[in-house]
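To start, the structure under review is shown below, and the notes come after it.
Values below: every heavy atom of this structure, side chains too, minus hydrogens, waters and symmetry copies. For the single chain, residues carry numbers from 1 onward in sequence order.
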Amino acid sequence: KMFDGEWWRGLIEQVKYYLFLTPHARTYEGHNPLAMAGMFFMYVLGTVFMICTGFALYGEGLGMHSWAYTLFSSWVLPLLGYSQNVHTLHHLGMWYLVFFTIFHLYMVVREDICSGETVISTMINGWRVSIK
């Protein structure tokens, strides 16, 4: 069901809603399509990137005969341009995750206030109330 035509329409509608181009968004149980895509591309792929680059840098420090070098440094360092580039990309990845987390928190609070779905309020007080 994910990535079918209905999912793409929902994604586009959600983007329009967040850009204030439409007054109302569809209601979803759980994450909307834009949130699903955001969680996958930002958190999942971002975290995998951070793990791979982090272990590659760690393996470089341990040496060529270490497990970390064998599993990560041997392919990550040549792929991304060796030590300094990997260090810079790892550092930028950290800021990418920090800023995305801040942006995500803003969007969740905004959604709670604007849509009346009380997603954040439910986490705090335990009551799910629709204010539409």
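A continuous path of hydrophobic side-chain contacts links I102 to M94 [ILVMFWY only; heavy atoms under 4.5 Å]. Put simply, L71 and M64 are part of two different groups of oily side chains (I, L, V, M, F, W, Y) that touch within less than 4.5 Å, one to the next. Hydrophobic cluster membership differs between F20 and V108, with clusters built from Ile, Leu, Val, Met, Phe, Trp and Tyr side chains linked at under 4.5 angstrom. Following chains of ILVMFWY side-chain contacts shorter than 4.5 Å, one cannot reach F99 starting from L105, and the two form parts of different hydrophobic clusters. Residue V98 is grouped with residue F49 when hydrophobic side chains (ILVMFWY) are merged at heavy-atom distances under 4.5 angstrom, including chains of intermediate members.
The OG1 atom of T53 lies 10.5 Å from the CG atom of L92; values are rounded to the nearest 0.5 Å. Once rounded to the nearest 0.5 Å, the distance linking CE of M50 with NE2 of H90 reads 4.0 Å. With rounding to the nearest 0.5 Å, the separation of CG in L62 from OG in S73 is 8.0 Å. Note that the CZ atom of R26 and the CD atom of Q14 stand 9.0 Å from one another [nearest 0.5 Å]. For the atom pair CE of M36 and CG of L11, the computed distance is 9.0 Å after rounding to the nearest 0.5 Å. In this structure, L80 CG and N85 CG are separated by 8.0 Å, a value rounded to the nearest 0.5 Å.
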Practice prompt. Give the intermediate values and the outcome of side chain to side chain donor-acceptor pair (under 3.5 Å) for residues E13 and T22.
Written response: CA-CA 8 Å; E13 287 176 11; T22 57; over 6 Å; no
Discussion item. side-chain contact (heavy atoms from CB on, under 4.5 Å), that's the test. Do Y106 and T101 meet it? Break it down for me.
Written reply: CA-CA 9 Å; Y106 160 75; T101 300; over 6 Å; no
Worksheet entry | Derivation of the side-chain contact (heavy atoms from CB on, under 4.5 Å) call for F100 and L97 | CA-CA 5 Å; F100 180 74; L97 289 173; 5.6 Å; no
Item to complete: Carefully, step by step, assess V44 and M39 under the rule side-chain contact (heavy atoms from CB on, under 4.5 Å).
Response: CA-CA 6 Å; V44 174; M39 293 303 110; 5.8 Å; no
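Contact of the H104 side chain with the M42 side chain is not registered, since no non-hydrogen atoms from C-beta on lie closer than 4.5 Å.
Relative ring orientation between H87 and H91 is described as parallel, the plane-to-plane angle staying below 30° on a 0-90° scale split at 30° and 60°. Note: F55 and F72 have parallel aromatic rings, judged against thresholds of 30 and 60 degrees for the angle between ring planes.
Residues P33 and W7 come closest through the heavy atom pair O-CZ2, 3.4 Å. Here the closest heavy-atom approach between residue A68 and residue G59 is recorded as CB-CA, 3.5 Å.
Using modelled atom types and a 3.5 Å distance limit, the side chains of Y58 and S66 yield no donor-acceptor pair.
A salt bridge is defined here as a Lys NZ or Arg NE, NH1 or NH2 lying under 4.0 Å from an Asp or Glu carboxylate O, and E6 with R9 meets this definition.
Other residues, nucleotides and ligands contribute only 12 or fewer heavy atoms inside 6.0 Å of the CH2 atom of W95.
Under a cutoff of 6.0 Å and an axis angle of 45°, R110 and Y17 form a cation-pi pair.
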